[in-house]
Chemist: 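There's a structure below that I have some questions on.
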Amino acid sequence: MTREHQGESRGWAAARKGVWSWLRFTSLRLRLVLVFGLVALTAAVSASGIAYWLNREAVLTRTQDAVLRDFEQEMQNRAGALPEHPTQDELQHTAGQMANSSQRFGVLLTAENADGETVYGSSGGLGGFALSDVPESLRTAVNKEQKVTSANKHAYHLYWQRMSDDGTPYLVAGTRVIGGGPTGYMLKSLEPEAKDLNSLAWSLGIATALALLGSALLAQALATTVLKPVHRLGVAARRLGEGKLDTRLRVSGTDELADLSRTFNSAAENLEKRVADMAGREQASRRFVADMSHELRTPLTALTAVTEVLEEELEYEGEGEGEGGSFDPMVEPAVRLVVSETRRLNNLVENLMEVTRFDAGTARLVLDDVDVADQITACIDARAWLDAVDLDAARGIHARLDPRRLDVILANLIGNALKHGGSPVRVSVTRADDEIVIRVRDHGPGIPEDVLPHVFDRFYKASASRPRSEGSGLGLSIAMENAHIHGGGITAENSPEGGAVFVLRLPQDPSPPVDDDAGDGAHGGDGEGSAGDGSRGKDAKGRA
């Protein structure tokens, strides 16, 4: 894949992520837009519904009143002028005249002729308005004679009804001539009014849609205005979390968001002061440890030279038993204690200096192409552990590692297994993908479950009742730091078959920066000083 394609893919992925973050329901922006939209939609639909209903009733009532008034007037003037028993022609002629009024409605007149037969006259001729077009309930109400009282002065009244035929709305009305005469029915199409109302409904619908769109745009604008300070606050919080403690927000206004920004700035300022104070104390502590370690090295060098002489004298006296020793039997235990404690103090100082380098970030790798099996063999042989360690490592597994630091790791892991575990200690090497995996297993009682999480902690000892044990509690911690600087790590667990298992994983070609000069001040030699709790070869062999 070319860089251009990779750039396009990253750009498309970023754009898709931005759209998805905007569209996800948990987005405050989307929720604001939805709330504004729902409120606007509810308000617009309610207003449009009320406006439509009021206009509909107003239009229909106005048209209905005008038609009924005209029909009633025509019944009184024209139908009331007919004889008591009109003929069909007279009814037909009168119905035609009535239909020519300003309202243009259909008319149907019914009466009895002189022979007692019911005759009809329709404004539309034989195929026009017929009695079957009038609902039966309306005909019954029109022909029902009511009792005349002071409150009801007429026996017959005008009745009307709205109906629909094939989707077309109509107004139907009927009444009888007061004082006797024909019965008249009227049919008025309300289609023009329905079209006007449909146009009104479309207009209100478009207005509702525009109101919804406007509310969404307004919500988007308001959300942008409101969320921009929140976004800036989120960016500032992320920068603060990344360690940029000088991050501050620009405060403007006096609203709640401005108060939040001021609170954030105050918290960031206090945090920066506290971190600076803690960093100063930590730096002073590191400098004190480093200075103390360096100051101790000078007298320790002299003490080490003296103890080596004393140790040689002790060995010579042990080999020449019976010739008379140079040490008083009462003094010899004290001399051995001085030799042991001086060696222990020397190891502790070296470990403290190594820890100081890790904390200060000055530890560097000096990489070389090494055969892992040869390196492990050299580590075991240098400490006379050959009789106590079983090595399962095929030659030819190469990796770019720092030989000295690898020796430190192996010395600590194997020495710890010999001291706290049970023989034999088995060391195996395998290759997994691009990693070198080294397993160190002992056959002891294993590590207690409450100790496992702390085995790599500094100065941690499983037995608090043995504060003066030979180890300093720094060996495994230093091993872990050396593994980390290679880009690897160490894990500790208990084997199902018994015993503890330490697994070291190192990349075959580590990515950390390489320093070809041993300018980090790391102690050199064969790495025994960095072996932490690992002991010198002769003593370790005797204990094994």
Side-chain angles (χ1 to χ4, degrees), residues 56-194 197:
R56 178 178 181 275
E57 289 301 316
V59 169
L60 293 179
T61 300
R62 183 172 60 252
T63 302
Q64 175 181 294
D65 290 345
V67 172
L68 293 179
R69 185 167 53 251
D70 195 17
F71 174 64
E72 189 174 20
Q73 206 169 37
E74 290 293 330
M75 285 293 294
Q76 290 178 359
N77 295 337
R78 297 187 183 277
L82 291 172
E84 185 178 355
H85 299 287
T87 63
Q88 184 175 3
D89 292 338
E90 291 175 334
L91 291 176
Q92 191 77 25
H93 179 69
T94 302
Q97 290 180 331
M98 293 175 63
N100 289 328
S101 66
S102 60
Q103 297 298 325
R104 299 295 180 180
F105 45 71
V107 177
L108 174 65
L109 297 176
T110 66
E112 290 186 357
N113 57 15
D115 297 332
E117 298 176 348
T118 301
V119 292
Y120 302 91
S122 175
S123 60
L126 296 177
F129 182 28
L131 190 62
S132 59
D133 297 328
V134 181
E136 185 177 354
S137 58
L138 181 63
R139 284 180 285 170
T140 302
V142 169
N143 293 318
K144 183 178 180 181
E145 184 178 1
Q146 300 182 12
K147 185 178 181 180
V148 178
T149 61
S150 58
N152 183 30
K153 298 182 180 180
H154 305 288
Y156 299 98
H157 295 274
L158 174 67
Y159 294 94
W160 59 271
Q161 181 178 339
R162 293 176 192 164
M163 67 176 191
S164 179
D165 185 15
D166 293 335
T168 303
Y170 291 96
L171 174 65
V172 183
T175 187
R176 296 187 66 169
V177 176
I178 300 174
T183 301
Y185 296 97
M186 178 274 302
L187 180 67
K188 171 66 176 178
S189 173
L190 299 178
E191 187 174 4
E193 287 75 13
L197 292 175

Chemist: Quick one: does S122's side chain have a donor or acceptor within less than 3.5 Å of a partner on F129's backbone?
Modeler: yes
Chemist: Is the closest side-chain heavy-atom distance between R62 and D65 below 4.5 Å?
Modeler: no
Chemist: Give me the atom names and distance for the closest heavy-atom approach of M75 to T183.
Modeler: CE-C, 4.4 Å
Chemist: Is M98 close to L109 at the side-chain level, that is, under 4.5 Å between some pair of heavy atoms?
Modeler: yes
Chemist: Could you walk me through whether L91 and L82 pass the side-chain contact (heavy atoms from CB on, under 4.5 Å) test, one step at a time?
Modeler: CA-CA 8 Å; L91 291 176; L82 291 172; 3.7 Å; yes
Chemist: Name all residues meeting the side chain to side chain donor-acceptor pair (under 3.5 Å) criterion together with Q73; count only those two or more places apart in sequence or in a different chain, and write none if there are none.
Modeler: none
Chemist: What heavy-atom pair brings A95 and S123 nearest, and what distance separates the two atoms?
Modeler: O-CB, 3.5 Å
Chemist: Nearest heavy-atom pair of S189 and T168: which atoms, and what distance?
Modeler: OG-CG2, 3.9 Å
Chemist: Work out which heavy atom in V142 is nearest to a heavy atom in Y156; give both atom names and the distance.
Modeler: O-CD2, 3.4 Å
Chemist: Between CG of L171 and CD of Q64, what distance do you get to the nearest 0.5 Å?
Modeler: 5.5 Å
Chemist: Do L68 and M186 come within less than 4.5 Å of each other through their side chains, counting heavy atoms only?
Modeler: yes
Chemist: Could you go through V119 and T87, starting from their C-alpha distance and side-chain angles, then the distance that decides it, and tell me whether this counts as side-chain contact (heavy atoms from CB on, under 4.5 Å)?
Modeler: CA-CA 7 Å; V119 292; T87 63; over 6 Å; no
Chemist: So, N113 side chain and D115 main chain: donor-acceptor pair closer than 3.5 Å or not?
Modeler: yes
Chemist: For R162 and T61, which heavy atoms make the closest approach, and how far apart are they?
Modeler: NH2-N, 4.3 Å
Chemist: What's the separation between atom CD in Q161 and atom CZ in R139, rounded to the nearest 0.5 Å?
Modeler: 11.0 Å
Chemist: Show the nearest heavy-atom pair for residues M163 and D133, with the distance to one decimal.
Modeler: CE-O, 3.5 Å
Chemist: Taking the side chain as C-beta and beyond, is there a heavy-atom pair between W160 and V67 under 4.5 Å?
Modeler: no
